[in-house]
Amino acid sequence: MIDKYAVFGHPINHSKSPLIHGMFAAQQDQLLEYTAVDIAEEEFEQRVEAFLQEPGKGLNITVPFKERAWALAAVRTERAELAGAVNTLWRDESGSIRGDNTDGAGLVADLTCNHRIQLDKSRILLLGAGGAARGVIKPLLDAGASELVIANRTLSKAQLLVSVFGPVGSSNHQISACDFQHLPEGNFDLIINATSAGLSGETPDLPVHLMNEYTICYDMLYGTSETPFCRWARQHQASKSLDGLGMLVEQAAESFLIWRGIKPDTAPVIEALRQSLGQQ
Ligand code: ATR
């Protein structure tokens with residue numbers, strides 16, 4: 001019987017995951033089926049359990065269920081444990097449901113492999129302190145960031161993340177929290193937008209002094225046209241202004257690796273998606 005995979009979310013109609021995993025499977029000669037399934041709020045846990053009986057081999061989980069997937073997983077990777085959210089589920093040989101979070105690894109892979117950005121000893125400003133921000137902090141620190149400033153509209157949420165991640169890993173990095181009115185002086189190597197402001201056409205209210213000619217800006221969002229944060233970055237002479245399409249494909253590739261034991265070639269898939277979005 002064909003191996004089945006799916007992404008569960010609500011809503012799910014805009015998901016690119018079936019397209020991405022379909023391209024991975026074709027590229028790697030893997031016979032599998034991957035569908036997007038809209039799940040009613042009250043049915044999530046029951047639907048996951050039912051799907052992960054044979055022949056359901058693995059699931060991606062997206063908004064609004066990532067925290068519930070974390071709670072449901074019997075065994076979690078360290079990065080998922082700290083992220084407080086799970087986007088990849090599968091059943092191990094003993095029958096236990098395992099959970100991982102590949103979002104942060106996807107971001108780091110896009111930054112370092114696709115865009116050739118060096119994270120070692122970098123100074124990073126992370127905008128936002130919600131689920132999206134939380135999922136990428138440990139992978140950014142593991143990639144060698146020497147300073148991470150978490151800035152959020154609501155200061156207490158950024159401070160909470162500092163208390164969670166401050167003690168994690170080596171002592172070679174500094175983590176601090178602030179709101180947008182008290183951002184430190186510039187010279188950031190990288191500014192990452194992990195807020196959802198762009199979904200409503202907005203961008204956090206940021207002072208211009210953050211930027212210098214070398215600062216790279218990365219928006220975890222993407223779209224058919226330039227995101228509001230990428231526009232802000234370009235207008236303020238960022239050295240590069242990058243969207244999150246590569247992160248989307250890279251996190252999917254990490255899931256594919258977990259399930260199938262093979263890492264797909266992401267570059268042609270990113271290229272195909274950019275074309276399908278009309279970006280090129
Ligand atoms: P996600 O899972 O996408 O991270 P979330 O957990 O609801 O979603 O978090 C949304 C993040 O975007 C938060 O950091 C939020 O700031 P607050 O914690 O102050 O709410 C941030 N955000 C959303 N809209 C914003 C806006 N217009 N300006 C600045 N920050 C915004």
Side-chain angles (χ1 to χ4, degrees), residues 7-12 14-17 39 41 44 60-72 79-88 99-108 110 124-140 148-165 175-183 188 190-208 210-211 217-223 226-233 235-236 243-248 250-252 255:
V7 55
F8 280 8
H10 180 74
I12 202 70
H14 293 302
S15 175
K16 303 271 177 234
S17 294
I39 300 289
E41 290 267 347
F44 176 70
N60 282 134
I61 306 298
T62 188
V63 179
F65 298 122
K66 288 185 186 183
E67 284 81 9
R68 279 165 71 179
W70 182 93
L72 184 153
R79 62 191 183 184
E81 189 68 30
L82 283 163
V86 152
N87 74 341
T88 307
D100 196 0
N101 188 318
T102 65
D103 288 332
L107 171 67
V108 168
D110 193 36
I124 300 177
L125 172 62
L126 181 63
L127 307 173
R134 184 172 175 143
V136 300
I137 295 174
K138 177 155 172 35
L140 288 172
L148 184 68
V149 177
I150 304 171
N152 197 43
R153 186 174 59 181
T154 311
L155 175 62
S156 58
K157 287 204 224 165
Q159 288 170 327
L160 179 71
L161 291 187
V162 169
S163 71
V164 171
F165 289 94
I175 310 188
S176 59
C178 63
D179 57 27
F180 297 135
Q181 286 72 48
H182 298 90
L183 283 158
F188 287 102
L190 179 61
I191 303 178
I192 300 172
N193 179 32
T195 74
S196 54
L199 296 178
S200 45
E202 294 168 35
T203 189
D205 192 12
L206 301 171
V208 179
L210 287 177
M211 309 276 283
C217 289
Y218 190 100
D219 195 345
M220 284 168 53
L221 298 178
Y222 66 90
E226 190 177 41
T227 67
F229 178 71
C230 283
R231 188 176 322 119
W232 178 88
Q235 286 169 349
H236 292 90
D243 74 7
L245 193 69
M247 173 180 174
L248 175 78
E250 295 294 344
Q251 62 79 29
S255 296

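Basis for what follows: all heavy atoms, side chains included, without hydrogens, waters or symmetry-related copies. Atoms within each ligand, like the ligands themselves, are counted from 1 in listed order. Throughout, numbering of the chain's residues begins at 1 and tracks the sequence.
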Specify whether the nearest protein heavy atom to atom 7 (O) of ligand 1 is under 4.0 angstrom away.
no
If we number the atoms of ligand 1 from 1 as shown, the ones under 4.0 Å from a heavy atom of Lys157 are 17 (P), 18 (O), 20 (O)
Provide the number and element of each atom of ligand 1 under 4.0 Å from a heavy atom of Gly128.
14 (O)
Salt-bridge present (Glu81, Lys138; N to O < 4.0 Å):
no
Among protein heavy atoms, which sits nearest to [atom], and what does the distance come to when rounded to 0.1 Å?
atom: atom 9 (O) of ligand 1; result: Gly130 CA, 3.4 Å
atom: atom 19 (O) of ligand 1; result: Thr154 OG1, 2.5 Å
atom: atom 25 (C) of ligand 1; result: Arg153 NH1, 3.3 Å
atom: atom 13 (C) of ligand 1; result: Asn152 OD1, 3.9 Å
atom: atom 21 (C) of ligand 1; result: Thr195 CB, 3.7 Å
atom: atom 12 (O) of ligand 1; result: Ser196 N, 3.0 Å
atom: atom 29 (C) of ligand 1; result: Phe180 CE1, 3.8 Å

Nearest candidate to atom 2 (O) of ligand 1, where distance is taken over non-hydrogen atoms, out of Ala85, Ala132, Ala133
Ala132
About how many Å separate [atom2] of [Y] and [atom1] of [X], when rounded to the nearest 0.5 Å?
X: Cys217; Y: Leu127; atom1: SG; atom2: CG; value: 8.5 Å
X: Ile39; Y: His10; atom1: CD1; atom2: NE2; value: 10.0 Å
X: Leu72; Y: Glu67; atom1: CG; atom2: CD; value: 13.0 Å

Mutual orientation of the aromatic rings belonging to Trp232 and His236 [parallel < 30°, tilted 30-60°, perpendicular > 60°]:
tilted
Under 4.5 Å between any side-chain heavy atoms of Asn193 and Thr227, yes or no?
no
Close side-chain approach of Phe229 and Leu221, heavy atoms under 4.5 Å:
no
Per the side-chain contact (heavy atoms from CB on, under 4.5 Å) rule, which among Val149, Ile191, Leu148 passes with Ile124?
Leu148
Pairs of nitrogen or oxygen atoms closer than 3.5 Å, one from Glu202 and one from ligand 1: do any exist?
yes
Under 3.5 Å between any N/O of Gly131 and any N/O of ligand 1: does that happen in this structure?
yes
Evaluate side chain to side chain contact (heavy atoms under 4.5 Å, CB included) for Asn152 paired with Leu161, printing each intermediate quantity in order.
CA-CA 11 Å; Asn152 197 43; Leu161 291 187; over 6 Å; no
